[in-house]
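Worksheet: one structure, shown below.
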Amino acid sequence: MAVAQQTQTGNAWGVELPKQAFIGGRYVDARDGKQLPCVFPGTGKTIGQVAACDSADVDVAVRSARKSFDSGAWSRMAPQDRRKVLIKLSELILSHRDELATLETLNVGKPFLNAKNGDIPSAASCIGWFGEAIDKIYGEVGPTPADLTAVITREPLGVVAAIVPWNYPLSMAAWKLGPALAAGNSVVLKPAEQSPYTALRIAALAMEAGLPEGVLNVVSGYGETAGQALGRHMDVDCVTFTGSTEVGKLFMRYAGESNAKRVSLELGGKSPQVVLADSDIDAAAQGVAAGIFANAGQVCNAGSRLIVDRAVKDELLDRIVKYAKGLRIGDPFHADTKLGPLVSQEQHARVLSYIEHGKQHGAKVVTGGGRVAALGEGFFVEPTVFDGVTNDMKIAQEEIFGPVLSTITFKDFDEALAIANDTIYGLAAGVWTNDIRKAQRAAKAIRAGVVWVNCFDRGNMSVPFGGFKQSGHGRDKSLHAIDKYTDWKAVWYAS
Ligand code: NAP
Ligand code: MG
């Protein structure tokens, strides 16, 4: 079913810019008519407005999700039929790849080709993967006495609120939507205020794919209003959140102060890249540089702390600096651009203030260290490498979420592992060594949800992703993600 929507046309990019929220199968304005501005980070200019939903809109969205859930139109649909709808949605995302990539770049400034070849196909593959999986997951029969039979089934939870960040808007949404919808839930999705376009657009694609009305609702709006209203809603069964640790903790509080809803959190990180002297230095330099400069460092698992053996530090940094200097920074729609702007003025100022803090507290800038003045009002920051960092410095402890690498040296392996673990976070880590024993020791010792050995940021839908410690709990991707969106029911039959 095609759905009509009000859009803003006639812009320079040849795409229609969404303007309305999507509630109960229709595009609608916020009830009080409020809107929020969308800014293109490449120029710093406002390019459109979308509905700014508040608690009244959220309430309508939750009711519509509940109604669709209770109707059984999706929740009780045979898994093989849900499968067909999700596979169709995955195909529609792919066939709208250029449009969706343009919308993503307009919202967040990431290089268009990265969105087109990375974010959008990966979102499509996630939705398709969970569609494919859902009719292959079985329940259990308990080993009970002969006069009884216990059938143990997975049941969808009901209404799931998905609150997502701006760094990979569509893929982060897909990591939630894939398993939540596949399991039969209805969803209210709140994109980040900076990046509502693709979430709003795929709502129509989901209807076109055959998702029943009310099963997917998208409430664009601010965190403090729409986000908080979802977190505190008495009829939301589950919050699935990706974002900062600070806001993740708020969602636990909202749940505790409302209906004790289930909360799963994918939060921030300060991931170590441990480079031993025996490693392949070229490969390590490549992996460390890509691990901090990709997506302009706005990656939850960015390898932002380089923990390197003193003996090879200079050699490694030389190569990382060469890599940084070779990155073309600029217009994200230019085919050669490797590093786009940061997402917003606020983020730009935040990253620059961390760089200043590092300079003032004794760290040494090896390359970069400022904004890119030649690029006008866009939110560009130079790829920056600090040397001489100690792990107690702010730039080694706090998530900067920009293209800024902090280099810390060590003398022996145990010290390296201690530094790697000396953080409140535990999302990911990289280890670079050719010594299999050390690789194994490091992988076991580092407290993180993901450890990459002689590679970094590799991923696949079949492998879970998520953090230890204050990087959150619960896993996205893989069959384990289904756990977040289902409950087990035990039914006993007596003979
Ligand atoms: P954020 O500020 O925590 O925002 C995330 C979401 O929460 C947004 O939709 C936001 O809405 C909403 N929100 C903000 N304040 C809220 C409040 N008081 N109550 C309810 N909701 C609220 O994070 P971000 O700056 O968008 O994203 C960057 C963070 O995400 C980083 O810390 C990064 O590490 C993390 N991240 C983690 C993963 C992972 O898988 N572990 C993946 C990607 C990103 P607004 O947009 O209106 O603020
Ligand atoms: Mg925010």
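Owing to the predicted nature of the structure, the values given are computational and were not obtained by experimental measurement. Just follow the structure's listing: the first ligand is 1, and inside any ligand the first atom is 1.
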Would Phe465 count as a contact of ligand 1 if the rule is a heavy atom under 4.0 Å away? yes
For Gly269, is there any backbone N or O sitting under 3.5 Å from a side-chain donor or acceptor partner on Glu399? yes
So, Thr337 side chain and Leu339 main chain: donor-acceptor pair closer than 3.5 Å or not? no
Does any N or O of ligand 1 fall below 3.5 Å from an N or O anywhere on Tyr222, backbone included? no
Trp175 to ligand 1: N or O pair under 3.5 Å? no
Do Val164 and ligand 1 have an N or O pair less than 3.5 Å apart? yes
Proximal atoms of ligand 1 relative to Gly268 (non-hydrogen, under 4.0 Å): 32 (O), 34 (O)
Lys19 with Asp29: basic N within carboxylate O range, under 4.0 Å: no
If the contact criterion is a heavy-atom separation under 4.0 Å, does Gln347 count as touching ligand 1? no
Of all the atoms in ligand 1, which lie at a distance below 4.0 Å from a heavy atom belonging to Thr242? 5 (C), 36 (N), 37 (C), 38 (C), 39 (C), 40 (O), 42 (C), 43 (C), 44 (C)
For ligand 1, which atoms have a heavy atom of Gln194 less than 4.0 angstrom away? 46 (O)
With a 3.5 Å distance limit and no angle check, can you tell me whether Ser258 reaches the backbone of Tyr254 through a side-chain donor-acceptor pair? yes
Test of proximity, Tyr254 against ligand 1: N or O pairs below 3.5 Å: yes
Side chain or backbone, does Asn167 bring an N or O within less than 3.5 Å of an N or O on ligand 1? no
Determine, step by step, whether Ser271 and Asn301 satisfy the side chain to side chain donor-acceptor pair (under 3.5 Å) criterion, reporting the C-alpha distance in whole Å, the side-chain angles of both residues, the deciding distance to 0.1 Å, and the verdict. CA-CA 6 Å; Ser271 299; Asn301 59 261; over 6 Å; no
Hey, is Glu246 touching ligand 1 through its side chain, its backbone, both or neither, going by heavy atoms under 4.0 Å? neither
With heavy-atom distances below 4.0 Å as the criterion, list the atoms of ligand 1 near Gly223. 11 (O), 12 (C), 13 (N), 14 (C), 16 (C), 17 (C), 19 (N), 20 (C), 21 (N), 22 (C), 45 (P), 47 (O)
Steps toward side chain to side chain donor-acceptor pair (under 3.5 Å) verdict (Glu104, Tyr197): CA-CA 7 Å; Glu104 209 78 304; Tyr197 283 164; over 6 Å; no
Can you tell whether the side chains of Arg154 and Asp483 come within less than 4.0 Å, N to carboxylate O? yes
Is the closest N or O pair between Val247 and ligand 1 shorter than 3.5 Å? no
Taking only Lys NZ, Arg NE, NH1 and NH2, and the carboxylate oxygens of Asp or Glu, determine whether Arg66 and Asp235 approach each other closer than 4.0 Å. yes
Polar contact flag for Glu193 and ligand 1 (N/O pairs, less than 3.5 Å): yes
Is the shortest distance from a Lys or Arg side-chain nitrogen in Asp98 or Lys116 to a carboxylate oxygen in the other one below 4.0 Å? yes
Can you confirm, on distance only, whether ligand 1 has an N/O atom lying under 3.5 Å from any N/O atom belonging to Ser471? no
Lys110 and Gln298: side chain donor to acceptor below 3.5 Å: no
Does any N or O atom in Phe401 lie less than 3.5 angstrom from one in ligand 1, N or O only? no
When you measure from atom 30 (O) of ligand 1 to each heavy atom in Gly467, Gly243, Ala161, which option holds the nearest one? Gly243
